[in-house]
Amino acid sequence: MTGRSTVVNALRAQRIELPSWAFGNSGTRFKVFAQRGVPRDPFEKIADAAQVHRYTGVAPTVALHIPWDRVDDYGALARHASDLGVALGTINSNVFQDDDYMLGSVTNPDARIRRKALDHLLACVDVMDATGSRDLKLWFSDGTNYPGQDDIRARQDRLAEALTAVRDRLGPDQRMLLEYKLFEPAFYTMDVPDWGTAYAHCLQLGDKALVVVDTGHHAPGTNIEFIVAMLLRAGKLGGFDFNSRFYADDDLMVGSADPFQLFRIMHEVVQADALRHESGVAFMLDQCHNIEPKIPGQIRSVMNVQEATAKALLVDVAALRHAQSSGDVLGANAVLMDAYNTDVRPLLAAVRTEMGLDPDPMGAYARSGYGDRMVIERVGGQQAGWGA
Ligand code: AFD
Ligand code: MN
């Protein structure tokens, strides 16, 4: 059984990265519901993200999305973040919102459009140079909707060509994280549909290329923790985009649909000793708060990741290994379920108190009145949202 101090120290050291885009207006293809007090620019997004870190203590970095978060002076944005106790994190490219990309970006049959997309990816590396970011996250909406529309293998060749050019551009301490997604917005083939495709390209690209597992990007019923274990064993897990789903890429608060799956994923992470910051695995959130207030929605997500992590840290590994090695099926399962069924909220409340935080982040944020103040202060301007 892991000692309490070891568990507490691991929970205190945990780092979860927030997505800037979660604080703007978001929605579905049917409607983006505007909320009052929403940020109007990257500086205000950072301010809202800093509230999540203020009350949770484990969310010190904010991922940016380019061009949504493009600013004239990234140094000023970084200083703004630092003044608020956070830092700029992963840079997310966006080659999915330009009319030119209707038939694909880096895999488009038109070389001119492929060049335009690659130039954006290289410009994102320039942003990384300016922000000091380690990771470039690459998600491609590229794919086809109909059999025969394009050559599946040729599109993979185009993808490999672009990824190689990005790899060659990266600095010595920079990485590229390739994210896969089974479907949407393409419905017949996605050019990076699954972990196998992402893994195959990352193997070709070398050590700087790693896979991102977005928990909403699989077919229903997929054993995601198996994928996580395989990538960890191969040294090719770059990170997560945590969210939750009932049916598709719903981008709901992580852990809200299936906290048991989140626990099983974090169990594989803990067993592979990959929770430590030094492991290089990035624990990012990637969500769209469509109907819930955004800052408390993110606080809840962070808390859900913490709870799954705490339970994973409580697994009695010695007992588990003994039961496994002796073929004690029920015993091994019981060891895991004992950890999962442990109410870790008192433990996390104690950890927060030891960190000098309110043990109840949601209540502390609500009592701060920050959200109400933003509604009053943020009048006018153009609210951030899809495309903003
Ligand atoms: C969309 C994509 C993908 C990506 C995210 C940020 O589905 O998850 O990581 O946008 O670009 O949610
Ligand atoms: Mn994602």
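Order of listing sets the numbers, starting from 1, for every ligand and every atom in it.
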Asks: Could you work out, for atom 2 (C) of ligand 1, the closest of Trp21, Trp139, Tyr180, Trp68 by heavy-atom distance?
Replies: Trp139
Asks: Just distances here: any N/O of Ser93 and N/O of ligand 1 closer than 3.5 Å?
Replies: no
Asks: Which residue holds the protein heavy atom closest to atom 11 (O) of ligand 1, what is that atom called, and what is the gap in Å?
Replies: His65 NE2, 2.6 Å
Asks: Side chain, backbone, both or neither: which applies to Glu184 and ligand 1 if a contact is any heavy-atom pair less than 4.0 Å apart?
Replies: neither
Asks: Considering just N/O/S atoms, say which atom of Asp241 is closest to the Mn ion (ligand 2).
Replies: OD2
Asks: Applying side-chain hydrogen bond (donor to acceptor under 3.5 Å, both in side chains) between Trp21 and each of Asp286, Asn92, Asp69, report the one that passes.
Replies: Asp286
Asks: Any heavy-atom pair between the side chains of Arg169 and Asp126 that's under 4.5 Å?
Replies: yes
Asks: Write the atom name of the N, O or S atom in Asp286 that is nearest the Mn ion (ligand 2).
Replies: OD2
Asks: Aromatic ring centroids of Phe140 and His120 under 6.0 Å?
Replies: no
Asks: Would you mind running through ligand 1 and noting each atom that sits below 4.0 Å from a heavy atom of Lys181?
Replies: 7 (O)
Asks: Going by distance alone, is a donor N or O of one side chain under 3.5 Å from an acceptor N or O of the other, for Tyr370 and Asp48?
Replies: yes
Asks: Mind listing the closest non-hydrogen atom pair of Arg373 and Ser368 along with its distance?
Replies: NH1-O, 2.8 Å
Asks: Please identify which atoms of ligand 1 are closer than 4.0 Å to at least one heavy atom of Asp241.
Replies: 9 (O)
Asks: Would Glu268 and Leu237 satisfy side-chain contact (heavy atoms from CB on, under 4.5 Å), going step by step from the backbone distance to the final call?
Replies: CA-CA 12 Å; Glu268 293 304 326; Leu237 180 65; over 6 Å; no
Asks: Suppose you place the vertex at the Mn ion (ligand 2); what is the angle out to Glu179 OE2 and Asp214 OD2, to 10°?
Replies: 90°
Asks: Run the salt-bridge test on Arg134 and Glu17 with the 4.0 Å N-O cut-off and return the result as yes or no.
Replies: no
Asks: Has Arg276 got more than 12 heavy atoms of other residues, nucleotides or ligands less than 6.0 Å from its CZ?
Replies: yes
Asks: Should you measure from each heavy atom of Asp249, which atoms of ligand 1 turn up under 4.0 Å away?
Replies: 7 (O)
Asks: Report, in ascending order of atom number, the atoms of ligand 1 lying under 4.0 Å from any heavy atom of Asp251.
Replies: 12 (O)
Asks: Between Leu275 and Met266, is the side-chain contact (heavy atoms from CB on, under 4.5 Å) condition met? List the steps.
Replies: CA-CA 8 Å; Leu275 188 64; Met266 294 313 295; 3.9 Å; yes
Asks: What is the nearest protein non-hydrogen atom to atom 9 (O) of ligand 1, stated with its residue, atom name and distance?
Replies: Glu179 OE1, 2.6 Å
Asks: With heavy atoms of Lys137 as the reference, note each atom of ligand 1 found under 4.0 Å away.
Replies: 9 (O)
Asks: Pick one of side chain, backbone, both or neither for how Asn94 approaches ligand 1, counting any non-hydrogen atom pair under 4.0 Å.
Replies: neither
Asks: If you look at every heavy atom in Val344 and Lys311, which pair is closest and at what distance?
Replies: CG1-CG, 3.7 Å
Asks: For Asp214 and ligand 1, does the shortest N/O to N/O distance drop below 3.5 Å?
Replies: yes
Asks: With a cut-off of 4.0 Å, which atoms of ligand 1 are near a heavy atom of His217?
Replies: 3 (C), 7 (O), 8 (O)
Asks: Quick test: of every protein heavy atom, which one is nearest to atom 5 (C) of ligand 1, and how far off is it to 0.1 Å?
Replies: Asp286 OD2, 3.4 Å
Asks: For a quick check under 3.5 Å, do Arg321 and Gln271 share a side-chain donor-acceptor pair by atom type?
Replies: yes
